[in-house]
Amino acid sequence: MLIGIIGKPSAGKSTFFKAATLIDVKIAPFPFTTIEPNQGIAYVRIKCACKEFNVKCSPRNSFCIKGNRFVPVKLIDVAGLVPGASEGKGMGNKFLNDLVRADALIHVVDFSGKTDSQGNPCENYDPSQDILWLENEIDKWFIEVIKRNLRKIRDEKKALQILSGLGIKQEHLKKVLEKFDVFQTEEFAKELRKISKPIIIAANKIDIPEAKQNFEKISKKFKEKIIIPCSAEAEVALRLASEKGLIDYIPGDKEFKITAPLSPEQQKALEYIKENVLIPFGSTGVQSVINKTVFDLLGYIAVYPVENENKLSDSKGNVLPDVFLLPKGATAKDLAYKVHSEIGKGFLYAIDVRTKKRIGADYELKNGDVISIVAVKKF
Ligand SMILES: Nc1nc2c(ncn2[C@@H]2O[C@H](COP(=O)(O)OP(=O)(O)O)[C@@H](O)[C@H]2O)c(=O)[nH]1
Ligand SMILES: [Mg+2]
């Protein structure tokens, strides 16, 4: 899963990226496949099953802080967009390549109204304009790419083949085809964008008083969109203070505890965050944006596979070692394949560890399930 961060210049994309990926490497000692320069690892935060089952977990592909499991997802800081980008303004191929690969987009919007559509300082800019023009640019870009690729193509089967070649997923094509045919290019492209690149809005710089007022207005205006108040800068400050041992703070928490003597400036900065972000909004919002992107926008679920249903462990005794993020609708057999292709092939049945009930290959997994898979071992 890859999540792209988009927005106009100076909206706070890089700050958001830093906030979401800044995590003490000491607590995340597991290896990752190659990460490109503008990519980073963010984490969704879920309740770790260790608490409920009252066991001490030994995570392998994630980590646990005080009963909160942090599960990695890849984040990509896409270049800034400006109005007219789809006609080539301020946008290179790099942007498009990054965008194509993203499963979902976080649109970081400066809600303070203190930057114009190009990212220049101003007063009283209406942030809802950004929500509209940016979505429109991406739609236009989709229309453009599809038109260009389907020029002179008249055969639907061929057209769909070409779209698959562009990295567009079968399941997305299928859904769009229920509403439009591929030659209704504009409607088709817009629907495809909506399904294949859903957008969540991070209402950033919410610590600034004008942003609060704008948020109240705009969230009422766009009821169908997911808009999360957030302060990327506050989250960076809290994660840094926590790394330095000045405060106790877990990303996503609604408060922090001071654990060391502070300079007057540090004291003031933390007080500001508490009064203007944490108390009025319940958190900095950065963690919440990541969580809602994965669980609400993309509809994923988190599932713990274990081998030993009594010890909740793998064969080496690691307790609740893994947690996987799977698309909604994933079955017990899908989970088995995710654990290992051999386990998938040899799948016999599975056990829902909570109920101790046997479940079949087609059982649709639920968020938070702890599942033990029984497979033929002779492969
Ligand atoms: N007050 C406030 N300023 C922020 C916040 N996030 C980012 N900024 C500031 O906005 C400016 C642009 O941020 P940056 O991350 O470089 O924007 P980008 O161009 O979208 O990558 C910088 O001066 C940041 O310090 C926030 O949550 N609150
Ligand atoms: Mg930047």
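Keep in mind the model is a prediction, meaning the values are calculated, not measured. Whatever order the structure lists ligands and atoms in, that order sets their numbers, starting from 1.
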Checking a contact table here: which protein heavy atom is nearest [atom], and how many Å away?
| atom | result |
| --- | --- |
| atom 11 (C) of ligand 1 | Lys205 NZ, 4.0 Å |
| atom 6 (N) of ligand 1 | Asn204 ND2, 3.2 Å |
| atom 17 (O) of ligand 1 | Gly12 N, 3.1 Å |
| atom 25 (O) of ligand 1 | Glu233 OE2, 2.4 Å |

Just to check, does [X] reach to within less than 4.0 Å of ligand 1 when the distance is taken from its heavy atoms?
| X | value |
| --- | --- |
| Ala234 | no |
| Ala232 | yes |
| Glu235 | no |

Closest heavy-atom pair, Ile290 versus Val73, reported as atoms and distance to 0.1 Å, is CG2-CG2, 4.2 Å

Can you list the ligand 1 atoms lying under 4.0 Å from a non-hydrogen atom of [X]?
| X | result |
| --- | --- |
| Thr15 | 6 (N), 7 (C), 13 (O), 14 (P), 15 (O), 24 (C) |
| Ser14 | 15 (O), 18 (P), 21 (O) |
| Ser10 | 12 (C), 17 (O), 18 (P), 19 (O), 20 (O) |
| Ile208 | 1 (N) |
| Pro9 | 19 (O) |
| Lys8 | 20 (O) |
| Asp207 | 1 (N), 2 (C), 26 (C), 27 (O), 28 (N) |

### Task
Take Lys8 and Ser117 through the side-chain hydrogen bond (donor to acceptor under 3.5 Å, both in side chains) test and state the conclusion after the steps.
CA-CA 7 Å; Lys8 71 184 181 188; Ser117 64; over 6 Å; no

Does NZ belonging to Lys328 count more than 12 external heavy atoms closer than 6.0 Å?
no

Could you check whether atom NZ of Lys197 has more than 12 heavy atoms from other residues, nucleotides or ligands sitting under 6.0 Å from it? yes

Counting heavy atoms under 4.0 Å, the part of Val108 that contacts ligand 1 is neither

### Heavy-atom protein contact below 4.0 Å for atom 22 (C) of ligand 1
no

So the protein N/O/S atoms within less than 2.8 Å of the Mg ion (ligand 2) come down to Ser14 OG

Checking Lys140, Arg148, Lys147 against Glu144 for salt bridge (Lys or Arg N to Asp or Glu O under 4.0 Å), the one that qualifies is Arg148

Side-chain donor-acceptor contact under 3.5 Å, Asn291 with Ser288
no

Between the side chains of Thr115 and Asp110, does any donor sit under 3.5 Å from an acceptor? yes

_Salt bridge check, Arg354 against Glu52: does any charged N sit closer than 4.0 Å to a carboxylate O?_
yes

Using 4.0 Å as the upper bound for N to carboxylate O, is an ion pair formed by Lys225 and Glu135? yes

Pi-cation contact, Phe70 with Arg45 (under 6.0 Å, within 45°): no

Next on the checklist: Is the terminal nitrogen or CZ of Lys205 (NZ for Lys, CZ for Arg) located under 6.0 angstrom from the six-membered ring centre of Phe111 and within 45° of that ring's axis?
Outcome noted: no

- State yes or no: do Ile168 and Ile143 share one hydrophobic cluster built from I, L, V, M, F, W and Y residues joined by side-chain heavy-atom distances below 4.5 Å, directly or via other members? no

The reported gap from CD in Gln39 to CZ in Phe17 (rounded to nearest 0.5 angstrom) is 8.0 Å

Q | Short N or O distance, Ala11 and ligand 1, threshold 3.5 Å exclusive | A | yes

Across all chains, not counting sequence neighbours, the side-chain contact (heavy atoms from CB on, under 4.5 Å) partners of Leu132 are Phe222

